[in-house]
Every structure is written in structure tokens, then in C-alpha cells.
Visitor: 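One structure is given below, represented as C-alpha cells, and several questions about it will come after.
Start at 1 and go down the list; that is how both ligands and their atoms are numbered. Since we're looking at a predicted model, the values are computed, not measured. In this chain, residues are counted from 1 in sequence order.
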Amino acid sequence: MTTFYGSDYAALEFFDPDIAGVLISELDRLRGGLQLIASENMSSPAVLTALGSTLSNKYAEGYPGRRYYGGCSEVDKAEEIAIERAKALFGADHANVQPHSGASANQAVYGAFMQPGETILAMSLPMGGHLTHGAKVSFSSKWFNAVGYGVDKKTEDIDYDEVERLAKEHKPKVILAGGSAIPRLIDFERFRAIADEVGAIFWVDAAHFIGLVAGKAIPSPVPYADVVSFTTHKVLRGPRSGAIVCKEEHAKAIDKAVFPMMQGGPQMHTIAAKAVNFKECATPEYQKYAKDVIANSQRLAEGLAAKGIRPTTGGTDTHLSLLDLQGVGVTGADAELRCDAAGITLNKNAIPFDPQKPNVASGIRVGTPSVTTQGMGLEEMDVIADVIHRAVTETDGSADNTVTKEIREQVTDLVTRFPAYPR
Ligand code: DSN
């Protein structure tokens with residue numbers, strides 16, 4: 001057997017027991033509770049092996065065959081494989097697999113299409129958007145003129161008429177669809193039509209749902225959008241990173257914007273891990289997984305709704321639901337704390353038209369990527385709905401609360417039967 005140096009836990013433990021201890025206790029934390037953060041998942045040992053490899057050592061500024069360093073013959077192969085697999089997986093003309101993260105990928109899209117001061121029309125953060133989509137504190141509104149659209153008050157889904165009205169009024173250079181708390185499918189065709197009407201570039205930030213697209217569980221934005229940016233570690237289940245696919249006509253602009261405009265040396269170990277992930281996503285097992293993620297998410301939302309915790313928009317079409325806690329009189333911050341004490345990890349989240357400040361919030365966001373990776377199904381979603389509801393409404397966030405202890409036992413039973421990273 002060939003020895004390769006990487007993922008060598010014994011060596012790390014010998015040299016640095018402090019950090020080795022953190023690695024183990026984080027694994028214990030993952031295994032010990034329910035992971036319901038909608039943007040997280042558990043990537044495979046194959047992906048983790050590529051991440052923990054000597055490819056991390058290599059400087060490879062540039063692109064395959066056009067590098068600014070010698071010695072790139074092997075990493076070139078990894079990047080070429082990753083590019084080809086991304087193009088095939090998403091049916092895209094062009095792929096750039098170098099972005100370090102979703103935010104880096106998004107910076108590159110701005111760099112490719114916009115000059116400082118130009119206008120972008122995107123979903124505002126409190127309505128379900130993302131920091132990089134024009135939030136006040138982000139470069140995206142400091143350097144660009146960000147106009148925000150929201151959701152319809154009644155349906156709580158994207159207000160397409162408002163998007164059209166704002167597009168005609170502001171004539172944005174770019175129109176962006178996507179966000180971090182959108183439970184419903186996005187009407188890409190409508191967005192494309194609006195973009196065409198005003199001569200805008202149509203960009204989709206598919207970070208949250210690209211894994212569902214890869215698994216053919218929901219429609220793809222790729223045929224409609226000029227450019228699609230995404231992360232690779234959410235439902236997609238790859239390494240923590242980003243990527244961009246686009247139409248051929250934008251390939252040069254995107255590549256130049258990723259490097260040298262926004263980034264320096266690419267992380268070749270992560271690019272290799274992305275290649276592994278794209279191969280995994282092309283399997284029938286992954287496609288089943290993507291569909292199961294949605295079925296679980298819908299069952300969980302139904303279970304919570306039945307107990308009086310209202311999913312905004314009335315439900316979900318995706319891996320996540322956004323839950324309004326006003327009906328049970330608990331803030332998002334308290335709910336997060338109470339669930340955490342009971343071994344349930346999720347996050348507080350603003351709901352549309354939220355009367356609370358963002359760090360308090362009236363809602364929580366729950367997602368099923370991780371629990372589905374662990375093999376949990378519809379029956380387990382009913383148990384999870386029950387434990388979330390009890391943690392939110394019957395506990396006080398202290399570890400010695402009697403109900404908290406009961407819930408912890410139920411959680412332990414679930415994660416023992418459906419272990420994360422089985423031993
Ligand atoms: N932080 C991610 C999320 O939780 O949705 C978005 O970047």
C-alpha cells in the first residue's frame with residue numbers, strides 16, 4: 001500500500017494533544033446531538049481525506065496549464081477533474097472551482113460584472129437574503145448601490161411584482177436571486193424575464209440549495225442564469241468552500257475576477273476535495289439523499305406546524321424551514337439556547353417583518369441535511385418535531401431542567417441509532 005501523508009491522527013495526537021483533543025471533542029459534539037443548522041452537513045471520509053492531504057502545500061496561482069509556479073503538474077490534474085465534474089454535474093458551460101468560500105465566490109461575481117457605485121437588486125437580509133447581497137455592514141452595500149426586495153406580506157414568498165417594479169425603477173446592472181432563509185423554490189424563469197426586460201445580468205446565489213439541484217430534487221437555475229455562485233459544504237456535502245458556474249460568454253470575466261482580482265493562491269487540497277464531492281453527487285445514492293432531505297424537511301415542518309410552531313410560507317419545498325415562534329411566545333434567541341441545552345443545534349433567525357432585533361429574532365431556522373446524512377427518515381422527523389417543540393416551550397435553557405434531561409435522552413437514543421461518522 002502506498003503511504004501518503006495526511007489525515008494522520010496518531011501523528012497529530014503525539015505532537016499536539018491540545019489540538020488533537022479539540023478534533024476529538026468536536027467529533028463527539030457532532031455525534032452527541034442533533035445537528036439541524038440548515039447550512040451544515042457531514043462530508044464523507046473521502047472528502048476529508050483529500051482535505052487533509054499534501055496538496056495543501058502547493059502554490060498554484062493561475063489556472064491549469066497557466067500557473068505562476070512550477071511543480072503544478074499534479075494539482076493541475078485535480079483542478080481539471082474538478083472543473084469537468086462540476087460542468088457535467090450542473091450542465092454548465094464553464095466552472096471556476098477556486099473560490100475559497102461562498103462570500104469569495106460572490107465577491108468575484110461583483111468583480112466580474114460591476115463597477116463601484118453601480119446598482120444591484122437583491123433580496124434584503126432581514127427578508128431571507130445574505131450579508132453579501134447588499135447588507136449595510138458588507139462590502140456589497142459599501143461599494144455598490146444595493147436595492148433590496150422582500151417577500152409578499154401575505155404569502156411570505158418572494159414578491160416578484162416588487163422585484164419587477166424595483167428593476168424598472170432602478171435599472172440594476174445585476175439582479176440576484178437566492179438567500180439564506182428561503183424555504184420555497186425560486187421562480188428562475190420569472191427572474192430571467194425581469195432581468196431581460198431591464199437588460200440586467202441575472203445571478204443566482206444557489207449556496208443553500210445547490211445540493212438539491214445536484215441531486216435532481218429541484219429545478220436548476222443554470223439554464224436561466226448568467227452566473228450561479230454556490231458553496232460546496234451545505235446540502236451538497238463537500239468541503240467548506242465555494243464555486244461558480246456560468247455561461248461561456250462570461251467565462252473569462254469570472255476567471256479573471258476570481259484570480260487575480262479577488263484571490264491569490266487557490267487551495268488545491270480543497271479543490272481536490274470538491275472534485276471528490278462532485279463525483280459523489282453524481283451517484284444514485286446522492287440523488288436519493290437529496291430527495292430524502294426534502295421529504296424529511298417537509299415532514300419536520302408539518303410536525304412543528306401541528307404543534308403550533310408556524311412555518312413561514314406555510315411549509316417548505318427545500319431542506320430548510322423558517323419557523324415563527326410568536327405563536328408560542330418564545331424568542332428565537334431563547335429557543336436556540338433551550339434547544340442547545342437539550343442537545344439540539346439550530347439557529348435563531350429573523351422572520352419576514354420581524355419585530356425583534358436580529359440578535360433576538362422571532363424565529364428559528366431548521367434544516368435536514370445532516371440528520372438525513374445520518375440516515376434518519378420520516379419517523380425520526382416526528383420525534384425531532386416533538387423534541388424541538390418541548391425544548392422551546394417547556395424548558396428554560398438550563399442543563400439540569402427535568403424536561404431538558406428527558407429530551408437529551410431522546411436525542412441520545414436517536415443519534416445512537418443513527419450515528420454521525422459511525423465508528
Ligand atoms: N452562514 C450561512 C448560513 O447559515 O446560511 C450563509 O452564509
Visitor: Do Ser220 and Phe90 have side-chain heavy atoms sitting under 4.5 Å apart?
Guide: no
Visitor: Could you verify whether a donor N or O on one side chain and an acceptor N or O on the other, from Asn296 and Thr368, lie under 3.5 Å apart?
Guide: no
Visitor: Please determine, by modelled atom types, if Asp324 and Gln326 share a side-chain donor-acceptor pair under 3.5 angstrom.
Guide: yes
Visitor: Taking the side chain from Ser138 and the backbone from Leu131, do they hold a donor-acceptor pair closer than 3.5 Å?
Guide: yes
Visitor: Can you name the ring pair (Phe, Tyr, Trp, His ring centres under 6.0 Å) partners of Phe139, sequence neighbours left out?
Guide: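 Once residues adjacent in sequence are excluded, the partners of Phe139 under the ring pair (Phe, Tyr, Trp, His ring centres under 6.0 Å) criterion are Tyr110, Trp143.
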Visitor: Quick check against the 3.5 Å criterion: does Glu380 have a side-chain atom that pairs as donor or acceptor with the backbone of Gly377?
Guide: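 Yes; judged by distance alone, with no hydrogens or angles, the pair exists.
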Visitor: Students should find this: residues with any non-hydrogen atom under 4.0 Å from ligand 1. What is the answer?
Guide: Ser39, His130, Ser180, His208, Arg365
